[in-house]
*Asks:* 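Take a look at this one; I'll ask things after.
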Protein chains: 2
Amino acid sequence: MKTTFGEYIRLLRNENGLTLTQLAAKLNLDSANLSKIENEKRDFDEKRLPRLAEIFNLDLTDVRNEYVTDQIGKQIYETNCTKQLLQVAEEKAEYRRTLKEKVI
Amino acid sequence: MKTTFGEYIRLLRNENGLTLTQLAAKLNLDSANLSKIENEKRDFDEKRLPRLAEIFNLDLTDVRNEYVTDQIGKQIYETNCTKQLLQVAEEKAEYRRTLKEKVI
DNA sequence: ATAGATTTGTCATAAAATGACAAGTCTTAT
DNA sequence: ATAAGACTTGTCATTTTATGACAAATCTAT
């Protein structure tokens, strides 16, 4: 899905006919803050991903992927990272993986 | 360069024959903390990038690119983001750019 | 105009990052 | 062997940033 995580939550919420207040309650947070999350003014707390998946009966892995790609996408956007630089970043991630192996 | 940012600093420091204490002083921080930075136990504070470039007579843009790719690479690594998901993340960054345009 | 839904502003608190210092280890020259 | 300098590690107070909560606003439909 090519949306922000906030939009993703809003979509799920609307599809299931819940109000901010109702979903917020299920997630154990304030409706005002959920509104901010949906509007990209705050981050969704990663710790709530399992609960979110549970509420909407989704595979946690899918939800987490949605979250991770949003987070990285945001960083790419905020740092003005070009495709070329992203390629370098990916190589550096790969390099870190090799470092990890060495430790073993 | 396919190294972590810590390794990058260490490389620059050694190439220029500086001790941790000497470089730390130029960067206005404690040598113990610079050590941690070089060993990936702490992050280099983005605010010091201009000073770092200045010390080693480097193009700030290059230094910043080194930094940005390290940061994103680290996140890719830590989140176990696959190439496939990274592609999605990139699309989401692109999507955010279109959102920004709409605001104008 | 009212009620419910959503958004925005603010602030106290909680969590994470940073700076500083002390004490440790490692290396090398003597 | 040990002294000196270089580097690493642990800890903690402080600063910065994120979060939760509440009040007050705006929006939307009846």
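Each chain gets a letter, A, B and so on, in the order its sequence line appears, and its residues count up from 1. The shown structure was predicted, so the numbers you read here are calculated from the model rather than taken from an experiment.
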*Asks:* Strictly below 4.0 Å: does Arg48(B) bring a side-chain N or O up to OP1 or OP2 of dG19(C)?
*Replies:* yes

*Asks:* Would you indicate what Lys36(B) reaches in the nucleic acid, counting non-hydrogen atoms under 4.0 angstrom: base, sugar-phosphate, or nothing?
*Replies:* base

*Asks:* Return whichever of Thr21(B) or Lys47(B) has its heavy-atom-nearest nucleotide of DNA chain D closer to the 5' end.
*Replies:* Thr21(B)

*Asks:* Start at the 5' end of DNA chain C and walk down; is the nucleotide closest to Ala32(B) or to Phe44(B) reached first?
*Replies:* Phe44(B)

*Asks:* Identify whether any heavy atom of Asn39(A) sits under 4.0 Å from a base atom; if not, whether one sits that close to sugar-phosphate; answer base, sugar-phosphate or nothing.
*Replies:* sugar-phosphate

*Asks:* Take the protein atom NZ of Lys41(A) and the nucleotide atom P of dA18(D), then report the distance between them rounded to whole Å.
*Replies:* 16 Å

*Asks:* Picking from dA5(C), dC7(D), dA20(C), which would you name as closest to the side chain of Leu20(B)?
*Replies:* dC7(D)

*Asks:* Looking only at N and O atoms, is any donor in the side chain of Asn33(B) or the base of dA20(C) less than 3.5 Å from an acceptor on the other one?
*Replies:* yes

*Asks:* When you measure from the side-chain N and O atoms of Arg13(B) to the phosphate of dC7(D), is any distance below 4.0 Å, counting only OP1 and OP2?
*Replies:* yes

*Asks:* Walk me through whether Lys26(A) and Glu54(A) qualify under side-chain contact (heavy atoms from CB on, under 4.5 Å).
*Replies:* CA-CA 10 Å; Lys26(A) 286 175 193 289; Glu54(A) 194 176 34; over 6 Å; no

*Asks:* Would you kindly give the CD-to-P distance between Glu46(A) and dT19(D), to the nearest whole Å?
*Replies:* 11 Å

*Asks:* Output yes when at least one side-chain N/O atom of Arg42(B) is less than 4.0 Å from OP1 or OP2 of dA16(C), else no.
*Replies:* no

*Asks:* Check every strand shown and say whether Ser35(A) touches a base, only sugar-phosphate, or nothing at a heavy-atom separation below 4.0 Å.
*Replies:* base

*Asks:* Tell me, with the steps shown, if Tyr8(B) and Glu38(B) meet side chain to side chain donor-acceptor pair (under 3.5 Å).
*Replies:* CA-CA 8 Å; Tyr8(B) 172 69; Glu38(B) 290 190 353; over 6 Å; no

*Asks:* Round to the nearest Å and state the distance from Asp30(A) atom CG to dA21(D) atom C1'.
*Replies:* 6 Å

*Asks:* Output, in order, the C-alpha distance, side-chain angles, deciding distance and verdict of side-chain contact (heavy atoms from CB on, under 4.5 Å) for Asp43(A) and Gln71(A).
*Replies:* CA-CA 9 Å; Asp43(A) 268 2; Gln71(A) 290 288 113; 3.7 Å; yes

*Asks:* Could you give the CD-to-P distance, from Glu78(B) to dA16(C), as a whole number of Å?
*Replies:* 14 Å

*Asks:* Using the ring of each side chain (for Trp, its six-membered ring), is Phe5(B) parallel, tilted or perpendicular to Tyr67(B), with breaks at 30° and 60°?
*Replies:* perpendicular

*Asks:* Do Val88(A) and Gln84(A) have side-chain heavy atoms sitting under 4.5 Å apart?
*Replies:* no

*Asks:* Can you tell me which nucleotide in dT8(C), dT18(C), dT6(C) comes closest to the side chain of Arg10(A)?
*Replies:* dT6(C)

*Asks:* Write down the distance between CG (Leu34(B)) and C1' (dT18(C)), rounded to a whole number of angstrom.
*Replies:* 14 Å

*Asks:* Roughly, in whole Å, what's the span from CG in Asp45(A) to P in dG20(D)?
*Replies:* 6 Å

